[in-house]
Amino acid sequence: MKVIIIGGGIAGLAAALALKKNKYQVVVREKKSFYNNSGMAFMIHSKTINEIHSLTDTELDLTNSKVNNFILEGNKNKHNRIELKEWHAFKRIKILHFLHSQLTDDEYYDNSDFSHFEYKAGEAVAAIFKDGSIEYGDLFIGADGINSKVRNSVCKAQFFQNEINEIVCISKHKDKNTHDSTFKKYLSIKKGMSFGFIPISENEYVWFLQFDSKLYNSIFQKSSEIENDINSKLLSEFPKEIKELIGNSDLKKAHLWKNKELKLLSSYHKANICLIGDAAHGSISLTSSGVSSGISSGIKLAQVLNSSESLKSALEEYEKARKEKNAQTIKYAQRLKLQFNKKLIDIDNYYLPLFHKP
Ligand SMILES: Cc1cc2nc3c(=O)[nH]c(=O)nc-3n(C[C@H](O)[C@H](O)[C@H](O)COP(=O)(O)OP(=O)(O)OC[C@H]3O[C@@H](n4cnc5c(N)ncnc54)[C@H](O)[C@@H]3O)c2cc1C
């Protein structure tokens, strides 16, 4: 069986490796150029690292990736320290490189923008790309992210109302990090905002400023204007520690992340087209679940394809399993949004994303 994967993000690459391991012929087609698809960074649980390792004969370099503590700073100098046992932080590009390096040149093509499918007797026979190229296959996987185009050929998507957006950036220091592998988060820096930072290498942090979109969308509108918005309107509001982090950041590279959250889709597949990762179950970044669920969905799909008698029964089994997980994440996201929007934070009962095991 030849499987065409549309989208070479983390879910698409993980699915390709899982399928390849089970002797499927795979082709990944990615819209962007590989070197222009990097992103920032995220936390991942050791369970997800084990899943990544199960896909290859080599292992990720885990040097400086471990995050050992989480400190939550609230109002009136109240804080809460929690020991983390199994969490790591990685730059997105590092995971992409690792997965991509396991594919051959004829298994991965970048600069390939998907346009539409060609059908015969109700089944897709080929994916057509905007440059006119055609990829014939037996199964087509949509791994093209939250704004998936493949999804339009499977079902109609609905989104929750956007409530929380964030600015993400990397801060680089001359000296070694001083925070001892600690993820630190300040709550309610200014009403309706929180600020967190996580070490991602010996001298770098990824930081994020989460904000209530109703209150601050009028300030933060474009990535290109964030530098001015932060410097002129907000910097004085931040504690010294955060000012330093922002001062060591190239704010021109700051990214304004407008969260999009899918409602549960009516279906994850139609005929021989199937969705994985954010295309199937994109959630808000507050849940810290995108990377782990993207990898798990690719692996699950490969598993059921291998063990089921027909493509139809495999896709039905896949959908059932993943929908259950997705329904849990949706519930969990609602709880996190409520907590954020309450603004009066009860630090001792703070519900922490990292305790939601992938
Ligand atoms: C550029 C980028 C940066 C990110 N940075 C972060 C981050 O710093 N922290 C974090 O927690 N999460 C980040 N994410 C999201 C995170 O990677 C995903 O939530 C998670 O890994 C699930 O991945 P996915 O492969 O399902 O979706 P995605 O990571 O969104 O990957 C989808 C891929 O499909 C490609 N694609 C889209 N349309 C087409 C098309 N028409 N034809 C072909 N290919 C197409 C996209 O270019 C992308 O590479 C980022 C995503 C992207 C795309």
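Residue indices begin at 1 and follow the sequence shown. Note that ligands are numbered from 1 as they come in the structure, with each ligand's atoms numbered from 1 the same way.
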Taking only Lys NZ, Arg NE, NH1 and NH2, and the carboxylate oxygens of Asp or Glu, determine whether [X] and [Y] approach each other closer than 4.0 Å.
| X | Y | answer |
| --- | --- | --- |
| K214 | D212 | yes |
| K47 | E51 | no |
| E107 | K20 | yes |

Considering non-hydrogen atoms of the protein only, which is the closest contact for [atom], and what is the distance?
| atom | answer |
| --- | --- |
| atom 31 (O) of ligand 1 | G9 CA, 3.5 Å |
| atom 12 (N) of ligand 1 | F42 CD2, 4.0 Å |
| atom 19 (O) of ligand 1 | D278 OD2, 2.7 Å |
| atom 48 (C) of ligand 1 | E30 OE1, 3.5 Å |
| atom 44 (N) of ligand 1 | K31 N, 3.0 Å |
| atom 1 (C) of ligand 1 | N37 OD1, 3.5 Å |
| atom 25 (O) of ligand 1 | A11 N, 3.0 Å |
| atom 3 (C) of ligand 1 | G39 CA, 3.3 Å |

What atoms in ligand 1 come closer than 4.0 Å to a heavy atom of [X]?
| X | result |
| --- | --- |
| W257 | 4 (C), 5 (N), 13 (C), 14 (N), 15 (C), 50 (C), 51 (C) |
| R29 | 43 (C), 44 (N) |
| G277 | 26 (O) |
| D113 | 40 (C), 41 (N), 42 (N) |
| G145 | 27 (O), 30 (O), 32 (C) |
| K32 | 1 (C), 47 (O) |
| I10 | 21 (O), 25 (O) |
| S112 | 42 (N), 43 (C) |

Within-4.5 Å side-chain heavy-atom neighbours: N80 and E73 | no
Student check: side-chain heavy atoms of K185 and F208 closer than 4.5 Å = yes
Give yes or no for whether the N/O distance cutoff of 3.5 Å, strictly under, is met between [X] and ligand 1.
| X | answer |
| --- | --- |
| M40 | yes |
| F114 | yes |
| K149 | no |

Checking heavy-atom distances from atom 36 (N) of ligand 1 to each of I170, D144, L13, the winner is D144
Heavy-atom proximity to atom 32 (C) of ligand 1, picking from A143, S33, G7, A280, points to A143
Run the ring-centre check on [X] versus [Y] and record whether the distance is less than 6.0 Å.
| X | Y | value |
| --- | --- | --- |
| H100 | Y108 | yes |
| Y186 | F195 | no |
| F183 | F197 | no |

Is ligand 1 under 4.0 Å from a heavy atom in the side chain of A41, in the backbone, in both, or in neither?
-> backbone
Using heavy atoms and a threshold below 4.0 Å, how should the contact between R92 and ligand 1 be classified: side chain, backbone, both, or neither?
-> side chain
Just how far is it from atom [atom1] of [X] to atom [atom2] of [Y], taken to the nearest 0.5 Å?
| X | Y | atom1 | atom2 | answer |
| --- | --- | --- | --- | --- |
| F90 | I10 | CZ | CD1 | 10.5 Å |
| I52 | E59 | CD1 | CD | 11.0 Å |
| S54 | I295 | OG | CD1 | 9.5 Å |

Residues E163 and S213: side-chain donor-acceptor under 3.5 angstrom = no
Does V168 come within less than 4.0 angstrom of ligand 1, counting non-hydrogen atoms of the residue?
-> no
Heavy-atom closest pair, residues A89 and P199 = CB-O, 3.5 Å
For K31, the side chain to side chain donor-acceptor pair (under 3.5 Å) test, sequence neighbours excluded, returns none
